[in-house]
Student: 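Here's a structure for you.
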Amino acid sequence: MAEREVVVVTGASGGVGRAIAREFARRGAAVALIARGRAGLDAAAKDVVELGGVPSVHVVDVAEFEQVAAAAEQIELRHGPIDIWVNNAMTTVFDFFEDISADEYERATRVTYLGAVWGTKAALSRMLPRDRGTLVQIGSALAYRGIPLQSPYCGAKHAIKGSFESVRCELRHRGSRVHLTMVQLPGLNTPQFDHCLSRMPRHPMPVPPIFQPEVAARAVYWAAHHRRREVYVGLPTVYTIIGNKLAPWLAERYLARTAVDGQQTQDPFDGARAANLFEPVDDDHDEGAHGVFDREAHARSEQAWLSRHRTLTGLVAAVFAGAGAGAATLFGRRRA
C-alpha cells in the first residue's frame, strides 16, 4: 500500500478549509486540521475518517508563530514528513476603513496575512532540508483588486501575494524543488458571512456570482499536485484580475457605485452577534463548510475545469482551428 500523503490545512474547521480537508481525505490522506474552534475541528476530523483519511486535530491560533511551529512538530511526529501545507485561515471586518479600530485591523491582518507567513515558515523549515514539498496559498481575486468594506482582508491578500512572489524567487535562486502555488478564489458560500465582524445594517454576502466551497477545494487539490504558479478559479476571478490590469480606474468607479450594497443582502443583521475576530465561534458547535447562500451558489465552474485542463483545451482548439483552416482552403480552391 502506498504511503499516505501528509497534508496540513489551516482554518480547517469550517468554510473553504473544511471543504479542502474533505477533498484530501477522499484520496486517503493524513489530514492535520488546524483551527481554533474545538467543536468545528472535531466535526472536521469525523468527516476525514468517514471519507477514508486519517485526521489529527490541532487547536492553534495561526496569528501566533510559536503555536504554528509547535503544531508542525506534532504533526510530523504523528504522521511523518509534511507533503503539502495549505494556508487558508482568515478573518475580516466588514466596515468602512475609518470605522475599524486599530485592534480590529491588526487582528484581521495577523490572522489572514501573518497566519499565512507563519505557516509558510513552519512548512519551509521542514521542506527545504528535504528538498521536496508543496505550499498552497489561498488567495482571492481581491489580492489584485481591493473593494470597499473589506480593506483588512484585501490588504492581507495583497500582502500574501507579495510574500508569495518573493519566496518563489528565493526558491528559484536556491534551485529548490519545493513548490509554492497560489489559488485565487471568487466569492464563496462559506460561514464567514455569518460570523465575521460586521457593522453593516444588512447581512453581509459574497460578491456574486457565488460558488460553493467544493469548487475551491477541487482547485486546491489540483494545484497541490501540479506545478502551476497560480490557479484562477471562476470566471469572475479572471474578469476581475484582467479587468483591473487593463482599466483599474474603471473598476474603481464601478465598485464605488455597486459594491457597498452588492455585499449586503436585504435581511437585517445584528452587529452584536458573536464574531470570530478575537474568539472562535465554533468552539461549542459545528458550522460546517457551507454558509446561507446554498440556493444562489454554483456547484461547478467551467472556467476552473478549463484552467486545470488547459493543455487538452488548447489541443481541442488547435484541432478545430486546423479543421476550420482546412475547410476554408478547400472552399477557396473549389471557388477558384
Side-chain angles (χ1 to χ4, degrees), residues 10-19 35-44 59 61-63 88-113 115 138 140 142 146-157 185-213 216 255-298:
T10 70
S13 63
V16 175
R18 181 75 164 267
R36 294 176 298 163
R38 186 75 206 200
L41 281 169
D42 288 343
V59 179
D61 183 347
V62 297
N88 164 75
M90 59 76 62
T91 190
T92 190
V93 181
F94 286 92
D95 204 351
F96 290 100
F97 174 83
E98 67 273 17
D99 296 325
I100 302 172
S101 74
D103 287 347
E104 292 166 351
Y105 212 106
E106 180 181 17
R107 175 63 182 171
T109 302
R110 287 184 63 83
V111 172
T112 309
Y113 172 55
I138 301 303
S140 167
L142 306 187
I147 63 174
L149 303 183
Q150 291 209 54
S151 59
Y153 182 79
C154 294
K157 290 300 181 181
L185 300 180
L188 296 164
N189 174 35
T190 70
Q192 70 153 301
F193 300 94
D194 295 319
H195 64 220
C196 283
L197 177 61
S198 175
R199 297 192 184 88
M200 294 295 100
R202 291 173 282 133
H203 195 293
M205 65 177 290
V207 177
I210 304 168
F211 294 86
Q212 295 288 24
L255 290 166
R257 189 173 66 251
T258 65
V260 171
D261 285 339
Q263 291 183 85
Q264 299 178 73
T265 70
Q266 296 305 310
D267 299 322
F269 188 71
D270 181 5
R273 289 179 57 187
N276 74 345
L277 186 62
F278 294 102
E279 299 293 337
V281 296
D282 58 350
D283 215 19
D284 58 358
H285 70 281
D286 175 32
E287 295 211 325
H290 288 206
V292 297
F293 301 101
D294 275 331
R295 292 180 63 183
E296 299 94 330
H298 301 281

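Hydrogens, waters and symmetry mates play no part in the numbers below; they use all other heavy atoms, side chains included.
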Student: Do N88 side-chain atoms and G11 backbone N/O form a donor-acceptor pair below 3.5 Å?
Tutor: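 Yes, N88 side chain to G11 backbone: donor-acceptor pair under 3.5 Å.
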Student: Quick test of your reading of the model: are R18 and D282 salt-bridged, counting only N-O distances below 4.0 Å?
Tutor: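 No, no charged N to carboxylate O under 4.0 Å.
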Student: Working note: Q263 + I147, criterion side-chain contact (heavy atoms from CB on, under 4.5 Å); need CA distance, chi angles, decisive distance, verdict.
Tutor: CA-CA 10 Å; Q263 291 183 85; I147 63 174; 3.4 Å; yes
Student: Distance from I100 atom CD1 to L197 atom CG, nearest 0.5 Å?
Tutor: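 The CD1 atom of I100 sits 8.5 Å away from the CG atom of L197.
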Student: Which atom pair, heavy atoms only, marks the closest approach of P152 to Y105?
Tutor: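 It is N-OH, 3.6 Å.
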Student: If you measure from CG on L188 to CZ on F293, what distance do you get to the nearest 0.5 Å?
Tutor: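 L188 CG to F293 CZ: 12.0 Å, rounded to 0.5 Å.
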Student: Donor-acceptor check, side chain of T112 to backbone of T91, threshold 3.5 angstrom: yes or no?
Tutor: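 Side chain of T112 to backbone of T91: a pair is present.
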Student: Centroid-to-centroid, F94 to Y153, below 6.0 Å?
Tutor: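 Here the rings of Y153 and F94 have centres that are no less than 6.0 Å from each other.
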Student: Which value, rounded to the nearest 0.5 Å, describes the distance between K157 atom NZ and I138 atom CD1?
Tutor: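 It is 7.0 Å, given to the nearest 0.5 Å.
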Student: Among E287, H195, Q192, whose side-chain hydrogen bond (donor to acceptor under 3.5 Å, both in side chains) with N276 holds?
Tutor: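 Among E287, H195, Q192, the one meeting side-chain hydrogen bond (donor to acceptor under 3.5 Å, both in side chains) with N276 is H195.
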Student: Any salt bridge between R38 and D42, counting N to O under 4.0 Å?
Tutor: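 Yes.
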Student: Regarding D61 and R110, does a basic nitrogen lie under 4.0 Å from an acidic carboxylate oxygen?
Tutor: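 Here D61 does not pair with R110 in a salt bridge, since their nearest N and O are not under 4.0 Å apart.
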Student: Got a second to check how far I210's CD1 is from R295's CZ, nearest 0.5 Å?
Tutor: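 I210 atom CD1 to R295 atom CZ measures 12.5 Å (nearest 0.5 Å).
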Student: Set out, in order, the CA-CA distance, both residues' side-chain angles and the distance that settles side-chain contact (heavy atoms from CB on, under 4.5 Å) for V93 and R107, then state yes or no.
Tutor: CA-CA 10 Å; V93 181; R107 175 63 182 171; over 6 Å; no
Student: Is the CZ atom of F97 crowded by more than 12 outside heavy atoms at less than 6.0 Å?
Tutor: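 Incorrect, the count does not exceed 12.
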Student: Angle class for the F211/H298 ring planes (parallel below 30°, perpendicular above 60°, tilted otherwise)?
Tutor: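 Plane angle between 30° and 60°, so tilted.
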Student: Look up atom CG in L277 and atom CD in E106, then write down how far apart they are to the nearest 0.5 Å.
Tutor: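 L277 atom CG to E106 atom CD measures 10.5 Å (nearest 0.5 Å).
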Student: Between atom CG of L255 and atom CG of L149, what is the distance when rounded to the nearest 0.5 Å?
Tutor: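 Reported to 0.5 Å precision, the distance equals 11.0 Å.
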